[in-house]
Protein chains: 2
Amino acid sequence: MARVSQEHLDARRRQILAGAARCFSGNGFHGTSMQDVLKEVGLSAGAVYRYFASKEDLIAAIADEAFRSIRQAFEEAAELTPPPTPDVLLGRVLRRVIDGQVYGLERRTCAALMVQVWAETLRDERLAATLEDGYTGMRAAWAKLVDAYRAAGIMHSDVPADDVARTMIATAQGFMAQEALFGGAEPEVLENGLRGLMSMDPQKIS
Amino acid sequence: MARVSQEHLDARRRQILAGAARCFSGNGFHGTSMQDVLKEVGLSAGAVYRYFASKEDLIAAIADEAFRSIRQAFEEAAELTPPPTPDVLLGRVLRRVIDGQVYGLERRTCAALMVQVWAETLRDERLAATLEDGYTGMRAAWAKLVDAYRAAGIMHSDVPADDVARTMIATAQGFMAQEALFGGAEPEVLENGLRGLMSMDPQKIS
DNA sequence: TTGTCAAGAAGGAACGTTCGTTTTAGGTTT
DNA sequence: AAACCTAAAACGAACGTTCCTTCTTGACAA
């Protein structure tokens, strides 16, 4: 009867997730206690445990959101027609992910959360399965994109498309790691760097 | 005086580090208890705490070794003359790091440890400072290498050398993340992928 | 070569703390 | 009045670490 509005419930939920994400990004999932989270979100234990049954649930919700954000950025980029060159494409992905307002986190904090999620994925089979699913799809979409490059004659065809796809994805992942660890990994740096690499065709070099 | 030989002490120390590294790579530094480590290395608490004053010390020793391994792989590659193309170079780095026998870990386990070290670095200022030092040196060495490419006329000069250096390093980092998370990130995949990217000069495309 | 023994190395129970979580009782909002 | 939330206490379990005991080692005396 005296229920609060659904928007209120959703807002509370996001408030908890955002506060927890801030804690987790800086101290890791297991370096952060629930007391830390409670203090950060400004709610009592009773309130938080009304929205999440356990710390594990809270972690899973945050990791899933991170996966979703990454996957969406990659898949949106892969659907652009005509496909931009890798430098433009990956610049877009990085901007989208890192400025993508995951729980309203700053660029570096967001990148740090991603690294923490990777680490947690290594010890949680459920997360690993979710990530694997998303990765397989991304890889396929980007391999298609590489095929388009080859069909358009702007890339040599003597290399497996999947290998190029994995390499592009790895570059974006590496930039997220660098942003988390050192900061200053601007998308422009990635764009410039890729342009540099793209200009040195090994078949021309000898 | 009834000391045991220095070789014995060193062997015990490495035994502890190796066992701890196996635990940490799979369960994270804070998801692994000291009891887990004790069981894995087959020693008692009294024995382990004779070699490491605290869990933090143990973590720091392992992280330092991981940093050292990475840094050495990158710097060795950067000193090759004449400088190989990026595909060859990064293939070498990846092989060296990942098959580099860090505590005798398997490829994927070793990659997983790297990811855990990154995560820990985000919450430990001392580790962050160490990593920052190594990274700055690596970046400078690789920027020099890019300058050599340009001097040799095999790369366009309209892009900051440092940006290309960071992008190459990021690609290697991304591959380590992929190996940890999904496996199968062979150095050959990276080499092929880079060759593919290098063949699509954006200035030729239109 | 052998026996002795102090000291180093390892064992393992137990410590105090902190963890995630639940429970309690009482207040506030809709 | 029903749902939401607070504040505080308390729970057992698990944590990192310590402490005392036991075993082992190697120098040295015999």
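Throughout, protein chains are lettered first and strands after them, A, B, ... in sequence-line order, and every chain is numbered starting at 1.
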Whole-Å gap separating P (D:dG16) and CG (B:Asp57): 14 Å

On DNA chain D, check which nucleotide each of B:Ser54 and B:Arg50 is closest to and give me the residue with the more 5' one. B:Ser54

Find which nucleotide of DNA chain D each of B:Ser5 and B:Lys55 is nearest to by heavy atoms, and output the residue with the more 5' nucleotide. B:Lys55

Check the phosphate of D:dT6 against A:Ser44, side-chain N and O only, distance under 4.0 Å to OP1 or OP2. Yes or no? yes

Would you indicate which nucleotide in D:dC5, C:dT22, C:dG12 comes nearest to any side-chain atom of B:Ala45? C:dG12

Correct closest heavy-atom pair for B:Ala177 and B:Val115 would be CA-CG2, 4.2 Å

Between A:Glu191 and A:Arg95, is the closest basic N to carboxylate O distance under 4.0 Å? yes

May I have the distance from A:Leu38 (atom CG) to D:dA7 (atom C1'), rounded to whole angstrom? 12 Å

Counting just side-chain N and O atoms, does A:Tyr49 come under 4.0 Å of either OP1 or OP2 of D:dC5? no

Using modelled atom types only, decide if a donor and an acceptor are shared between the side chain of A:Arg150 and the backbone of A:Val159 within a distance under 3.5 Å. yes

Side-chain donor/acceptor of B:Thr109 to backbone N/O of B:Leu105, under 3.5 Å: no

Carefully, step by step, assess B:Tyr103 and B:Glu65 under the rule side chain to side chain contact (heavy atoms under 4.5 Å, CB included). CA-CA 9 Å; B:Tyr103 301 124; B:Glu65 171 66 15; 3.1 Å; yes

Atom CD of B:Glu56 to atom P of D:dG16: distance rounded to whole Å? 12 Å

What is the distance from OH of B:Tyr51 to P of C:dG8, rounded to the nearest Å? 13 Å

Measure from CZ on A:Phe52 to P on C:dT22 and round the result to the nearest Å. 15 Å

Would you kindly give the NZ-to-P distance between B:Lys39 and D:dG16, to the nearest whole Å? 14 Å

Tell me every residue that passes side chain to side chain contact (heavy atoms under 4.5 Å, CB included) with B:Ser5, counting only those two or more places apart in sequence or in another chain. B:Glu7, B:His8

Could you give the CE-to-C1' distance, from A:Met34 to D:dA13, as a whole number of Å? 17 Å

Under a 4.0 Å heavy-atom cutoff, the residues of residues 6-33 of chain A touching DNA chain D are A:His8, A:Leu9, A:Arg12

Nearest-Å distance for atom pair CD/P, residues B:Gln35 and C:dG11: 14 Å

With a 3.5 Å cut-off and sequence neighbours excluded, list the donor-acceptor pairs that the side chains of residues 38-46 of chain B form with protein atoms.
{"from": "B:Glu40", "atom 1": "OE2", "to": "B:Arg22", "atom 2": "NE", "distance (Å)": "2.6"}
{"from": "B:Glu40", "atom 1": "OE2", "to": "B:Arg22", "atom 2": "NH2", "distance (Å)": "3.1"}
{"from": "B:Ser44", "atom 1": "OG", "to": "B:Ala47", "atom 2": "N", "distance (Å)": "3.4"}

